[in-house]
Protein chains: 2
Amino acid sequence: MVTIGDIARAAGVSRSTASYALSGKRSISAEVRQRVADAAQELGYTPNAGARALATSETMVIGLLARFHEDEFAPAMLQYMLGVSDTARELGYDTLLVTEADGTRALRRITRSRMVDGVVLLNVAQDDARLPLLRSAPQPGALVGLPGDPSGVDVFDLDFEAAGRLMVDHMHRLGHRELLLVSQPENVVERGGAYVWRLQGAVVQQARARGIELHAVFGESRQPAVGRSLHALLDAHPTATGLLLNNEAAAAALPSVLHARGLEAPRDLSVIGRYSDEFARTFSLPFSSIESAPDLLGEMAVRQLVRRITTPGARNEPHVLRLLQPELIDRGSTAPPASGNPG
Amino acid sequence: MVTIGDIARAAGVSRSTASYALSGKRSISAEVRQRVADAAQELGYTPNAGARALATSETMVIGLLARFHEDEFAPAMLQYMLGVSDTARELGYDTLLVTEADGTRALRRITRSRMVDGVVLLNVAQDDARLPLLRSAPQPGALVGLPGDPSGVDVFDLDFEAAGRLMVDHMHRLGHRELLLVSQPENVVERGGAYVWRLQGAVVQQARARGIELHAVFGESRQPAVGRSLHALLDAHPTATGLLLNNEAAAAALPSVLHARGLEAPRDLSVIGRYSDEFARTFSLPFSSIESAPDLLGEMAVRQLVRRITTPGARNEPHVLRLLQPELIDRGSTAPPASGNPG
DNA sequence: CTGAAAGCGCTTACAG
DNA sequence: CTGAAAGCGCTTACAG
């Protein structure tokens, strides 16, 4: 392998001069700088990452801890991952992807061994076991997802409570008085998926405040269970005129369910989901939705993380808790309720 | 940070003895070994990855080069990524995820800087610009996807030609005599997506051999274009009785299209797709399909890569080219053609 | 069975 | 503006 010693020799200077010439960290005569640059170019020099990390205590790598559960809709996760990975690269960082089931073990490994300069956690739970570890790690951490205790880390998430209220108010304004809500599967809640009950709680409360009758259920994450549960819900509440979805799998399954029942949105049922526009386009979802902005959230998390890594003193600044205000993307799937019973 | 010097001091031995005690690379008295283990445990010692990499020339990280194009269906990629990442971890490796658009630049960076011990390439093109670079890299490489020139790397892929023949023969056996084939978007082919024409070529040839009339088109990757193109295809060939799909987005969109036309599979149209069972369950796809086995292919690639990394001499063994024989998962979407015209 | 020392390839005070 | 040297934290021949 070609080392900085090779460059130095080729350029006829010392290794330190070669290093400084390449980094620009001290003034070097134009001529020497050119000779070093030429040598590096010619020999195809790239600094050894391990050696540099050892010398500088910086790896230029951020850790991305994702987790995939059988009962969650994996494709939605990919967009967060890409938001993180693309932004990291833009800022000069590579991304160590960790999908290990035991997140605490993984986090301990990559922080203690100094494989990463910082960590982004996805799919954060209310009482996330990875958090105490992350707080005591020497590297800063950023979360996509709001935990019960957000101290010691930077947190970015959609404002799911505002999202719930927005869904209800939008339906209320159109004249709906009986709504259905399909949340994520109950297992997600039991694992501490706080965003599920944050949205659901807000929907329940806002429905009560607006005098709306609400039927809320946990959904499923897989066919055929998803479809069955949607059918069962529609069977059980034939007079409901609006459907709210905080469940990507249910959203993906809904078109078929509506077709099978001879229903159309918004003619027979108004529908609002909660997913990204990217998701909607990929999966052909014709429903208006609260934008979940996974790429933006991933990007914000990485930008803040890198700020903390690179800015002197930023390590001690107060931590950020930023909740994105929800936005409703209108795809024409809501309208005033029909007078008749679509049953 | 706690270093091996701290452990040595705590255990009252030299640093080299501490290192050997932890690695087990030479015999150490049971008593010393225990003292060192206790000290490491107590102080929470984890070797510094950079230092270890510098000393051993092994990073215990593999690079995963994925790429996402606007006109490809991203969720399918995720399964390959997880197959790679999970298997790597199982074998003691972490995964550096690279999603950079400029794959050659990325590959040069991570191989030259010795950030990784080996590289897995996804989404390999016929004349993939990353390949010459990978061949000349000091680290071994494994591909998921068959390029025009598979020399110098280990290659794993589905046997798309056999898959095409299997699709046609299955339909032929049932009595179908006019088939439709929807491939990936033309852009994918233009970029060198060889699997598209490998399957398509085999389908064309086998159809001819069996006396089947075939209408093959490139599909789309996004709504609403996907749906429109499926409708157009069905409009154009009302007498076709079978539909073959080598396009995940088209498969995901097909249920809605069939519903809209009042068609049912297999009553009015027999359908065979090409995607994974995981994909089918996630996206509620009721069609029989050739299993694309992304997790298995990712796993095979990593196992072989790690073999080459770790086994002495394996670096020089002849390279592997393994094409997975296609398997048809029957989900009941094919049957003998109806006598009438489903128009 | 154990220790002192060299070396991996960088960066960066220290000295001129 | 440049060079010689120390040091980052490991591993592993070399020596006993």
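Just so you know, these numbers come straight off a predicted model, no measurement behind them. Below, chains carry the letters A, B, ... as their sequence lines are ordered, and counting in each starts from 1.
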To the nearest Å, how far apart are [X] [atom1] and [N] [atom2]?
X: B/L22; N: D/dG9; atom1: CG; atom2: C1'; value: 13 Å
X: B/Y45; N: D/dC10; atom1: OH; atom2: P; value: 4 Å
X: B/R112; N: C/dC10; atom1: CZ; atom2: P; value: 13 Å
X: B/M115; N: C/dC10; atom1: CE; atom2: P; value: 14 Å
X: B/M60; N: D/dT11; atom1: CE; atom2: P; value: 12 Å
X: A/R15; N: D/dC8; atom1: CZ; atom2: C1'; value: 13 Å
X: B/L54; N: C/dA6; atom1: CG; atom2: P; value: 17 Å
X: B/E58; N: C/dG9; atom1: CD; atom2: C1'; value: 17 Å

Counting heavy atoms from C-beta on, name the nucleotide in C/dT12, D/dT11, C/dC10 closest to the side chain of B/I4. D/dT11

Which of the following nucleotides, C/dC10, C/dA4, D/dT11, is nearest to the side chain of B/S14? C/dA4

With both pairing distances under 3.5 angstrom for Watson-Crick or G-U wobble, and | for a partner in another strand, the correct string for DNA chain D is |||.||||||||.|||

Whether [X] contacts [N] is assessed here as follows: a side-chain N or O lying under 4.0 Å from the phosphate OP1 or OP2. Is that the case?
X: A/K25; N: C/dT11; value: no
X: A/T56; N: C/dT12; value: no
X: A/T17; N: D/dG3; value: yes

Between B/R303 and B/D154, does any NZ, NE, NH1 or NH2 come within less than 4.0 Å of an OD or OE carboxylate oxygen? no

Ion pair A/E58/A/R114, N-O distance below 4.0 Å: no

Any base atoms under 4.0 Å from [X], or only sugar-phosphate, or nothing? Heavy atoms, all strands.
X: B/T3; result: sugar-phosphate
X: A/S29; result: sugar-phosphate
X: B/S16; result: base

Return yes if a side-chain donor-acceptor contact under 3.5 Å exists between A/T99 and B/D86, otherwise no. yes

Donor-acceptor pair (no angle test) under 3.5 Å: A/Y20 side chain, D/dA4 base: no

Please state whether the base of D/dT2 and the side chain of A/R26 form at least one donor-acceptor pair under 3.5 Å? yes

Is there side-chain contact between A/T3 and A/N48, with at least one heavy-atom pair below 4.5 Å? no

With a 4.5 Å limit on heavy-atom distance, are the side chains of B/R89 and A/R109 in contact? yes

Quick check on A/D127: does its CG atom have over 12 non-hydrogen neighbours (other residues, nucleotides or ligands) under 6.0 Å away? no

Neighbour count above 12 (heavy atom, 6.0 Å) for B/E42 CD: no

A/R67 and A/D102: salt bridge (Lys or Arg N to Asp or Glu O under 4.0 Å), yes or no, with the steps? CA-CA 9 Å; A/R67 39 181 181 184; A/D102 186 345; over 6 Å; no

On DNA chain C, does the nearest nucleotide to A/P47 precede the nearest nucleotide to B/G12 from the 5' side, or the other way round? Give the residue. B/G12

